[in-house]
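Structure, as structure tokens:
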There are 2 protein chains.
Amino acid sequence: MGLKSADAQLQPVEEVASCAVCPALASKLCGGLGHLATFGTLLRHSEHKIPARRLICRKHDRLDRVPIVCEGWAASAVTLFDGRRQILSFLLPGDFLSAHLIFEPEIQCSVEAVTEVHYRTFARTELMALLLEQPTLIHKLSRAWIDEKARADQLAINLGRCSADERIARLILNLFDRLTQRSLARGQLMDFPLRQHHIADATGLTVVHVGKVLSEFRRSGLIKISDRSLTIVDLKELQRLAKLQ
Amino acid sequence: MGLKSADAQLQPVEEVASCAVCPALASKLCGGLGHLATFGTLLRHSEHKIPARRLICRKHDRLDRVPIVCEGWAASAVTLFDGRRQILSFLLPGDFLSAHLIFEPEIQCSVEAVTEVHYRTFARTELMALLLEQPTLIHKLSRAWIDEKARADQLAINLGRCSADERIARLILNLFDRLTQRSLARGQLMDFPLRQHHIADATGLTVVHVGKVLSEFRRSGLIKISDRSLTIVDLKELQRLAKLQ
DNA sequence: CGTGAGCTTGACTTGTTTCAACCAACGTGG
DNA sequence: CCACGTTGGTTGAAACAAGTCAAGCTCACG
């Protein structure tokens, strides 16, 4: 394990001899994301590190390896030819870059690093071989895929039927839940490396308006943001605003 | 084949002894959707018919069979507790009700018939068995799944970053393309059973505004709608409006 | 020390919603 | 047969949420 590989398909990748934090993280993720741990022991992988704000992969690239985020945040996004951008999903530690890469090499949307990102890649051929050997694995993989689809559906409801306040409240709570599941939140406090333009592109709003809504949230004591961290001060009220059931 | 089954999970299903149009359609779909034809010959299935405007399945139901639409249009949608609705996808002949049902029984969003819908269901256990026997099948299935995800991503861009005109133009062109792929469009003419409220729920707009945009489209000679059919009069201009590359 | 990225705030504009009234087509039951 | 409610569509006026434009601020960085 930890073998180095050329990975020619991933253009802007800088390789590192070993990713110090990854093993610790992998074990931390064992509970929530069994598949990751399983792959780690059964499959060889290569490790990569990429600085913040850089593209990890481009739409329509082909990729013979399946990448999983180990550390840091990334965003998968599509861009219209006239520059409008929509972020489809934020990728957190433990997420596949995109679940469909398990079966198909073509990348559907570009992914860029929000923070510095550490990730591992597995050879698709080896993964498929393992899959046929151990058919129960397919359920763990399909789980990841179904989650990805569920998040896409949630996004559609947010964008199609929610006000600006609701969209932003939902985004924050969604990230908070996902981090909590992975034991990456400390109580009501979580890392929050997103710039306002990330939030704007994820919620279909303008940067200016996102700024106004966030100020309003802060002023009314719902959240606190400082030093790239976010504290949920009034969870109940934020949930009420988000109209989550 | 054509066996009848109780299918207790599908509550409002009315069964029919045989679905006269299905065999013809299945062969028509052979080219475009290999998997459907393959299943038809290798797997037993049951056939169902459901009238327009009725629910086919409800969110959180569990379903041990995998349904594929044979004839008619359906819509998968989620509803917020306060009544706001978002249609996630229109299902056309040849589409899985939802691709994730291949692996998991729990239904993620409710599906309702737009027109009368004929569909077939396959037992998940039989499908899984066949899958392990013929591993190449997995690629055909993943294809369907990837398409479903691609449509979800397209929807997000429409809802998040497009104007009302663009959203509606894109919806029309998207349906037109999918029907054309299945040889279900006749030139620029296609069935168009959608009510304005379907379009509204699919594009995240209000019924009133959808009405205004459609009138405008008609007035400026882009489309013609009559008798539940739609003709694309000025394809070039409609594409320009939709900002499709 | 200048430059650019990110954030805040205010004034004004616009696309879409809301509200309302009205019409046509259709099925249903008396 | 007509009376009736329901569903679907059209149109116009007013209200509002979010966008646009603009200026000024901080901070990190080469």
Side-chain angles (χ1 to χ4, degrees), chain A residues 51-54 75 80 82-87 112-116 158-171 192-220 223-230 241 243, chain B residues 51-54 73 75 80 82-87 112-116 158-169 171 192-220 223-230 241 243:
Chain A
R53 315 179 65 240
R54 274 261 252 302
L80 255 46
D82 61 358
R84 285 177 285 180
R85 243 169 81 90
Q86 177 66 47
I87 290 181
E112 68 174 63
V114 174
T115 64
E116 176 177 273
N158 284 356
L159 298 177
R161 289 303 186 201
C162 292
S163 70
D165 293 358
E166 288 166 349
R167 293 186 207 185
I168 294 178
R170 280 165 169 255
L171 176 64
F192 199 75
L194 302 183
R195 307 291 159 154
Q196 293 190 352
H197 75 257
H198 289 119
I199 305 180
D201 286 340
T203 54
L205 302 165
T206 56
V207 190
V208 178
H209 199 60
V210 167
K212 289 173 184 172
V213 172
L214 284 179
S215 306
E216 188 51 42
F217 279 10
R218 259 187 268 110
R219 213 168 308 133
S220 51
I223 58 172
K224 246 189 296 193
I225 301 183
S226 62
D227 197 30
R228 306 287 144 220
S229 307
L230 186 152
L241 234 180
K243 304 255 173 53
Chain B
R53 316 181 62 242
R54 276 261 253 302
W73 293 32
L80 255 47
D82 62 358
R84 286 176 284 180
R85 242 168 79 90
Q86 177 65 47
I87 290 181
E112 69 174 61
V114 173
T115 64
E116 177 178 273
N158 284 356
L159 298 177
R161 289 303 186 200
C162 291
S163 70
D165 293 0
E166 289 166 348
R167 293 186 205 184
I168 294 178
L171 176 64
F192 199 76
L194 303 182
R195 308 292 160 154
Q196 293 190 350
H197 75 259
H198 290 119
I199 304 180
D201 286 340
T203 54
L205 304 165
T206 56
V207 192
V208 178
H209 199 60
V210 166
K212 289 172 183 171
V213 173
L214 284 180
S215 306
E216 188 51 41
F217 279 10
R218 260 187 268 110
R219 214 169 305 133
S220 50
I223 57 171
K224 245 189 296 194
I225 301 182
S226 62
D227 198 28
R228 305 288 143 219
S229 307
L230 185 150
L241 234 180
K243 304 255 172 56

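Just so we're on the same page: letters track the sequence lines, and every chain starts at 1.
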- Task: Write out all pairs satisfying salt bridge (charged side-chain N to carboxylate O under 4.0 Å, His left out) with one or both partners inside residues 206-218 of chain A, taking only residues at least two apart or from two chains.
- Result: A/E216-A/R219
In whole angstrom, what separates [X]'s [atom1] from [N]'s [atom2]?
{"X": "B/F217", "N": "D/dG9", "atom1": "CZ", "atom2": "P", "result": "16 Å"}
{"X": "A/E216", "N": "C/dT9", "atom1": "CD", "atom2": "P", "result": "10 Å"}
{"X": "A/D227", "N": "C/dG6", "atom1": "CG", "atom2": "P", "result": "17 Å"}
{"X": "A/R218", "N": "C/dT9", "atom1": "CZ", "atom2": "P", "result": "8 Å"}
{"X": "B/F192", "N": "D/dG8", "atom1": "CZ", "atom2": "P", "result": "14 Å"}
{"X": "B/R84", "N": "C/dT16", "atom1": "CZ", "atom2": "P", "result": "18 Å"}
{"X": "A/R195", "N": "D/dT26", "atom1": "CZ", "atom2": "P", "result": "18 Å"}
{"X": "B/H197", "N": "D/dT10", "atom1": "NE2", "atom2": "P", "result": "14 Å"}

If you take all heavy atoms of [X] and [Y], which pair is closest and at what distance?
{"X": "B/V114", "Y": "B/H198", "answer": "CG1-CE1, 3.9 Å"}
{"X": "A/R170", "Y": "A/C162", "answer": "NE-SG, 3.7 Å"}
{"X": "A/G211", "Y": "A/Q196", "answer": "CA-OE1, 3.5 Å"}
{"X": "A/D201", "Y": "A/R85", "answer": "OD2-NE, 2.9 Å"}
{"X": "B/A200", "Y": "B/V210", "answer": "CA-CG2, 3.6 Å"}
{"X": "B/F217", "Y": "B/D165", "answer": "CZ-O, 3.6 Å"}

- Query: Going through the distances and angles, do A/R84 and A/D82 end up as a salt bridge (Lys or Arg N to Asp or Glu O under 4.0 Å)?
  - Reply: CA-CA 6 Å; A/R84 285 177 285 180; A/D82 61 358; 3.0 Å; yes
- Query: Distance-only, no hydrogens or angles: does the B/R161 side chain make a donor-acceptor pair with backbone N or O of A/L205 under 3.5 Å?
  - Reply: yes
Establish, with yes or no, whether the OP1 or OP2 oxygen of [N] is under 4.0 angstrom from a side-chain nitrogen or oxygen of [X].
{"X": "A/R228", "N": "D/dC27", "value": "no"}
{"X": "B/Q196", "N": "D/dT7", "value": "no"}
{"X": "B/S215", "N": "D/dG9", "value": "no"}
{"X": "A/R53", "N": "C/dA5", "value": "no"}

Produce the list of close N/O pairs, under 3.5 Å, pairing protein atoms with atoms of nucleotides 17-20 of chain D; give distances to one decimal.
unit_1, atom_1, unit_2, atom_2, d
D/dA18, OP1, A/A164, N, 2.8
D/dG19, OP2, A/T206, N, 3.3
D/dG19, OP2, A/T206, OG1, 2.9

- Could you tell me, to 10°, how much the axis swings from one end of the helix from C/dC1-D/dG30 to C/dC26-D/dG5 to the other, five pairs per end? 30°
